[in-house]
Each structure stands twice: as C-alpha cells, then as structure tokens.
Amino acid sequence: MADKPVLQKPPGYRDSNMATPSPPPPPRQQQPMRKPAGMPSSSFRPNQKRRSCCRTCCCCLCITLVLFIFLLLVAIAVFYLWFDPKLPTFSLSSFRLDGFKLTDDPDGASLSATAVARVEMRNPNAKLVFYYGNTAVEMSVGNGNDETGMGETTVDGFRQGPKNSTSVKVETSVKNQLLDRGLAKRLSAKFQSKDLVINVAAKTKVGFGVGGVKIGMLAVNLRCGGVSLNKLDTDSPKCILNTLKWVNIQ
C-alpha cells in the first residue's frame, strides 16, 4: 500500500494543540562598577600631592627657623657670658662761658660768647672696644622758653679701648646773636648769679669691636647738662643716652 503524501502546512498556520512558546527574556543591562565608598576620585589625587608637598615644605621651613633661632640664642648667651658687655657711660665734667657779653643796641640786644664743655666718656668693658663716628654737637644756655643756642660743631670719630676713659673737649661760639631785650636781661642776671642752666646735645653713631673686628654702628642721641653753673662746680651730671627713638639710658 502506498504511503500518503504529507501535506505541507501553509505559512502562518498555527496548530491549536501546540503550546505557544514563551518570549525570550530581555537582555540584562550591565550596571557600571561602583567604586568603594571613601575612595577619592582620580581627579583629586594631584591636589592631595600638592597639599602633601606644601605641608612638607612648611614643616622644613619651620624646623629650619626654629633651629636658626636656637643657634642665635646660644651664640648670644655665649657672647654675654664670655665678654660681659656693658654700655659706655657719659658725664658732663665741666662747662664754662668765655667772653659772655650782652649788648643793647638800637636794633635790639645781642649776645657774644664762647662755650667750652668737656664730656667724660668711659668704656667699662675689659674685652670690648668702642668706635664713635663723627659727632654733631649743639650747646645752649637757659631752659624752657629762655633756651638760647650757643652754636654747634662737629667732633671727629675715634676709637676707645677697653677700660679707658676719654675726655672730649667741645667748643662753640656765637657773635652778635640778636636777642629779645627781656630775654637778654634774664640771661645776664642768671649768668651773674651762676644760676644759668647749660645744655649739651650730641648726635653720633656707636659701634663695638672684638678682636679687631668692627661690629655695627648704632645711631644714638646724647643729652648732657640741664643743671645750673653753680651745681656743675661740685657735680658731674650723667648724660642721657637715647637710641631707637624710645630707649633712654642714663
């Protein structure tokens, strides 16, 4: 018996007895990898390196500065212990007015006189030398509103050795200096009674030396006197040393 031919199913034919296949599952989307919490982004790493370098530089600078200050303090301590430095002392040993003359002319009163002063300068150090620059000196008589200039001069600089006392002579003069008549009378009366106040002011620079090495020159102002002529006969007043505009030493 011959086989029956197999009929082909038309396109799109579905057999109701066959189960409908389930659709394939959708493809899974790969999620990007997350970095563990606390791990900084790569964009912040250069900043961290810069901060680390800055901290290292600051630490090195601070350590160097502290070390320098420590060594400086040690050097100063050794210097003071070894040399025992002391400041120079100044005193006004004498003052006189030569040819003191007040005249009353039709144009007004005038003063002519020569002022001669001696300033005693003492170096109390046993190992240090003092150097003095050129010194500008001004002298005057009277106090307050009656203070009258007696001229100015310059004293050449010099070197003062250890444990040395030096007497510096200063001389200034005025000639036919015009004055108020009332002031001239007051100055004349005080000069005759030796109650006339005298003043010596100086500006100079002082430095010190160790072993032939000259170290620094500090500007100082010196003011001597402020006492009357009769007190100066029995006393040598100390001068006031002013430096750095606010340090006064007597």
Side-chain angles (χ1 to χ4, degrees), residues 87-124 132-156 158 160 164-206 219-250:
L87 292 173
T89 59
F90 306 88
S91 60
L92 184 62
S93 58
S94 67
F95 189 99
R96 73 175 190 269
L97 292 170
D98 296 337
F100 189 85
K101 182 180 180 182
L102 287 164
T103 57
D104 191 0
D105 299 327
D107 295 335
S110 62
L111 170 65
S112 297
T114 298
V116 181
R118 281 192 174 275
V119 178
E120 192 76 18
M121 310 168 71
R122 182 173 176 270
N123 179 6
Y132 296 91
N134 293 340
T135 305
V137 183
E138 296 180 0
M139 292 196 281
S140 63
V141 295
N143 58 341
N145 294 330
D146 289 347
E147 187 171 0
T148 303
M150 296 297 296
E152 59 185 36
T153 187
T154 300
V155 178
D156 294 335
F158 62 94
Q160 187 178 32
N164 177 267
S165 293
T166 304
S167 179
V168 178
K169 180 182 178 181
V170 183
E171 183 175 332
T172 63
S173 62
V174 291
K175 187 175 182 180
N176 297 327
Q177 178 174 290
L178 294 177
L179 300 176
D180 179 75
R181 284 189 171 89
L183 174 59
K185 290 180 181 179
R186 291 192 296 272
L187 292 178
S188 177
K190 290 183 178 181
F191 175 72
Q192 293 176 4
S193 63
K194 284 194 172 185
D195 198 27
L196 187 62
V197 174
I198 50 90
N199 304 286
V200 179
K203 293 183 179 180
T204 187
K205 291 184 178 181
V206 181
V220 298
N221 296 325
L222 196 67
R223 188 166 183 86
C224 309
V227 297
S228 59
L229 289 171
N230 54 9
K231 290 184 179 179
L232 192 60
D233 290 340
T234 58
D235 190 18
S236 296
K238 290 185 177 181
C239 302
I240 297 175
L241 182 69
N242 173 270
T243 185
L244 301 177
K245 296 184 178 181
W246 55 273
V247 179
N248 294 320
I249 303 170
Q250 186 172 8

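What you see is a predicted model, and the numbers here were worked out from it, not measured in a lab. Below, all heavy atoms of this structure are taken into account, side chains as well, without hydrogens, waters or symmetry copies.
- With a 4.5 Å cut-off on side-chain heavy atoms, Y132 and P88 count as touching.
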### Message
Let's go through V206 and T243 carefully: what are the C-alpha distance in whole Å and the side-chain angles of both, what is the deciding distance for side chain to side chain contact (heavy atoms under 4.5 Å, CB included) to 0.1 Å, and is it a yes or a no?
### Response
CA-CA 10 Å; V206 181; T243 185; over 6 Å; no
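- With sequence neighbours excluded, no residue satisfies side chain to side chain contact (heavy atoms under 4.5 Å, CB included) with K185.
- By the side chain to side chain donor-acceptor pair (under 3.5 Å) test, D156 pairs with no residue at all, sequence neighbours left out.
- For the pair Q177 (side chain) and G149 (backbone), a donor-acceptor distance under 3.5 Å is present.
- Contacts of D105 classified as salt bridge (Lys or Arg N to Asp or Glu O under 4.0 Å), with partners at least two apart in sequence or in another chain: none.
- With sequence neighbours excluded, the residues forming a side chain to side chain donor-acceptor pair (under 3.5 Å) with K194 are D233, listed by chain and number.
- The minimum heavy-atom distance between S236 and S91, with the atom names listed, is O-CB, 4.1 Å.
- In this structure, the side chain to side chain donor-acceptor pair (under 3.5 Å) partners of T204, at least two apart in sequence or on a different chain, are T135.
- Partners of T166 according to the side chain to side chain contact (heavy atoms under 4.5 Å, CB included) rule, which considers only residues two or more places apart in sequence or in another chain, are F158, Q160, N164, V168.
- Side chains of I198 and L232 form a contact here, defined as non-hydrogen atoms less than 4.5 Å apart.
- With N176 contributing its side chain and S112 its backbone, the two residues share no donor-acceptor pair below 3.5 Å.
- Here R122 pairs with nothing under the salt bridge (Lys or Arg N to Asp or Glu O under 4.0 Å) rule; sequence neighbours left out.
- Using modelled atom types, one side-chain atom of T172 and one backbone atom of M150 make a donor-acceptor pair closer than 3.5 Å.
- Taking S228 as the reference, N230 meet the side chain to side chain donor-acceptor pair (under 3.5 Å) condition, with sequence neighbours excluded.
- The aromatic rings of F100 and F191 lie parallel to each other, with less than 30° between the two planes, well short of the 60° mark.
- Counting only heavy atoms from C-beta outward, the side chains of L97 and V141 approach each other to under 4.5 Å.
- Partners of E147 under the salt bridge (Lys or Arg N to Asp or Glu O under 4.0 Å) rule, at least two apart in sequence or in another chain, are R223.
- Across L102 and A184, no two heavy atoms sit closer than the pair CD1-O, 3.2 Å.
- Residues in residues 110-120 take part in no salt bridge (Lys or Arg N to Asp or Glu O under 4.0 Å) pair, two or more places apart or across chains.
- Under the salt bridge (Lys or Arg N to Asp or Glu O under 4.0 Å) criterion, R186 pairs with D146, sequence neighbours left out.
- Listed by first and then second residue, the salt bridge (Lys or Arg N to Asp or Glu O under 4.0 Å) pairs involving residues 164-182 are D104-R181 (not counting sequence neighbours).
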